[in-house]
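We name chains A, B, ... by the order of the sequence lines, and we start the count at 1 in each one. Predicted, not measured: the structure shown is a model, and the values here were computed from it.
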Amino acid sequence: MLSFRKAIAKTAAAAGIPEDEACAAVTVPRERERADLSLPCFTFAKAMRKSPAAIAAEVAAAFAPTDRLEAAEAAGPFVNFRVNRSAWAAELLERLETEGEAWGGTDAAAAEPVVVEYGSPNIAKPLLFHHLRSSVIGQALANLMRHRGHQVVSLNFLGDVGTAFGKLMVGIEELGEAKDADALNRTYVEASKLCADDPERMDRARAWAKRLEQEDAEAVRLWTEAREISLAGFRRVYDRLGVRYDKVDGEQMYVKRAQAFVERLLTQRRARVSEGAVVLDPADESLGVVVLRKSDGTTLYQTRDLVAAIDRHEQYGFASMNYVVDVAQELHFKQLFSGLEALGYAWAERCMHVAFGQVLMGGRRTATREGRGVLLEEVLDEAVRRADAIIAEKNPDLADRERVAEAVGVGAVIFSDLGTQIRRNVDFEWEQVLSFDGRTGPYLQYAHASACSILRKGGEPVRGDASLLQAAPEWELVRRMTEFPNEVERACTDREPSIVAAFLYELAREFRAYHAAGGKDRALRVLCDDDGLRAARLRLVAGVRATLRIGLELLGLEPLEEM
RNA sequence: GCCCCCUUGGCUCAAUGGAUAGAGCGACGGCCUCCGGAGCCGUAGAUGUGGGUUCGACUCCUACAGGGGGUACCA
């Protein structure tokens, strides 16, 4: 908390340390018992020409208790402070309650919007488990940045162009029309098999793709229809996952512009012909060349991404453009950004590849083709089934059971993906994704539900005296919650939702322990006999509940009141 | 070949260059006269190898080993 850091900086200034430097150096020690706040003195040693330990001793000697700081003690090169915990708790809870829904946000937002592209599936294909990652990570980042005060444009960029569409058309010609997403997906899978071992069919697929590229009326009509059907299928899953887009675009909308773009670069001599293809030399020459147009005259994903980036910059003038895409496309994005730079777009440096690790099965990459890989909906359904079975066993009279099972099952799947750093590969294991024990989404939801339960019994609203919160576990909860805004900010700047996931787990764990201790010792209960203390504890629990609720929502999990 | 990522208990993961490396699963042992046991408390168990930088290294540099990914006309 800033006011406490400043108080320490004042003491440090008395010992000759610049106030702003001291303020920045204050840390929360990893070993909590050691101190409430701590000032490591290493960095001041050079300028002051004294040993860190000597500086620490001077700071401790210069210390006089204030209404915020109770004690200071030099421990080698550190100065360990004990704060007035009552004052801290009061300040934290006051702030939390004042900020309300905005708690955890900061006001450091840029004027320009932040664009986040995520999800981006190919039409005519079902969503497989590995599609979970981009969707859920991207949505969490969009939520986090919005919470921080940024204006966010969340964008789904569909793969709605190319031979996939052509194959689908062949399938429809031979197997009949597909009325819904599932039928469309089946038709596509069948058609790809047919095309794979039949050159004639493959030629027809290419012909369809060509007709679409040339905007032949019939092709466009069929494409629009198939795209809509596919999208409806995606939306069904997105709704379950809490994935929401401000805008759904697709590559097809850039095909014509991509062609014109290549022509223009050629006449301007900024692109060149190589081996029959049109290529661009990126600013960083170690990245090779960027192919803009194939020798058969068609454009590529890369070309359309270039045009799309330029278009988005014109539309939004973004503060940052975030591509939440698999790490396998790292080179693609390096080339994209470096290509933009070579073309003189200084804003290329505001583009960012938010790369996440791949989904493996048994150590191998999931193959989208041969139907290897698991359907995302299948995983969600199984998770919900298991959640329902647990409710049937533990809480059979629960109202709204279906909705709760859905939230718990889906929550487990989402949290299993957001719980670790995104760059790690994940090996898909049913038992791991579907676990509800330990460090899981349901654990967090359960902690939230417990807090709700206590507050239902204790009554609201709560205006207790925070200075009565003297017990060690209460202080731990207060200190933990104080970190929330900082953790949200780190998650945004590092593009790492797991920072918030880890924070919430720690908070939930401390809360569960606090709660459990009250089960043994009546004096430690929130709903204890002393009216004043009870009110103070209820206020603390309300703070925990609010922090958990906001955090869960940011990650895309539903905070449940009962489960 | 070149480039990028990963390597921490049996397994899956944490750890802003900071003090005694922290959890979950699994194992073992406790805890329901309970404000919700999807839980709580406890025990055992880990930084791939060799150099280097630093007051201080899981963290930075370097070499090596093992694993994964990428490497112009797929996305």
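- You'll find the ring centres of A:Phe78 and A:Phe42 inside the 6.0 Å limit.
- Between A:His353 and A:Phe337, the gap from one ring centroid to the other reaches at least 6.0 Å.
- Across every strand in view, B:U71 sits in a pair with B:G1 that passes the Watson-Crick or G-U test at under 3.5 angstrom.
- The nucleotide whose nearest atom lies closest to any side-chain atom of A:Arg304 is, among B:G36, B:A38, B:A75, B:A75.
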What one-letter contact string describes nucleotides 53-61 of chain B from 5' to 3', where B marks a base within less than 4.0 Å of any protein heavy atom, S marks contact via sugar-phosphate atoms alone, and - marks no contact? --B------
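- One C1' atom belongs to B:U59, the other to B:U7, and the distance between them is 14 Å to the nearest Å.
- When both pairing distances are held under 3.5 Å, B:A27 makes a Watson-Crick or G-U pair with B:U43.
- Counting atom types as modelled, A:Tyr446 pairs a side-chain N or O with a base atom of B:G36 as donor and acceptor under 3.5 Å.
- A:Arg512 comes within contact range of the sugar-phosphate backbone alone, with a heavy-atom separation under 4.0 Å but no base atom that close.
- Checking B:A14, B:G36, B:A38 against every side-chain atom of A:Thr420, the shortest atom distance belongs to B:A14.
- The listed nucleotides are B:G37, B:C34, B:C31; the one nearest the side chain of A:Lys520 is B:C31.
- Nearest to the side-chain atoms of A:Ile454 among the listed nucleotides B:A23, B:C35, B:C5 stands B:C35.
- Heavy-atom minimum distance, A:Phe157 versus A:Ala308: CZ-CB, 4.1 Å.
- Comparing B:G39, B:G36, B:A15 by their nearest atom to the side chain of A:Gln421 picks out B:A15.
- Looking at heavy-atom distances under 4.0 Å, A:Leu292 makes no contact with the nucleic acid at all.
- Counting all heavy atoms, side chain and backbone alike, A:Tyr514 lies closest to A:Leu524 at CE1-O, 4.4 Å.
- Remark: the A:Arg304 side chain and the A:Thr299 side chain contain an N/O donor-acceptor pair separated by less than 3.5 Å.
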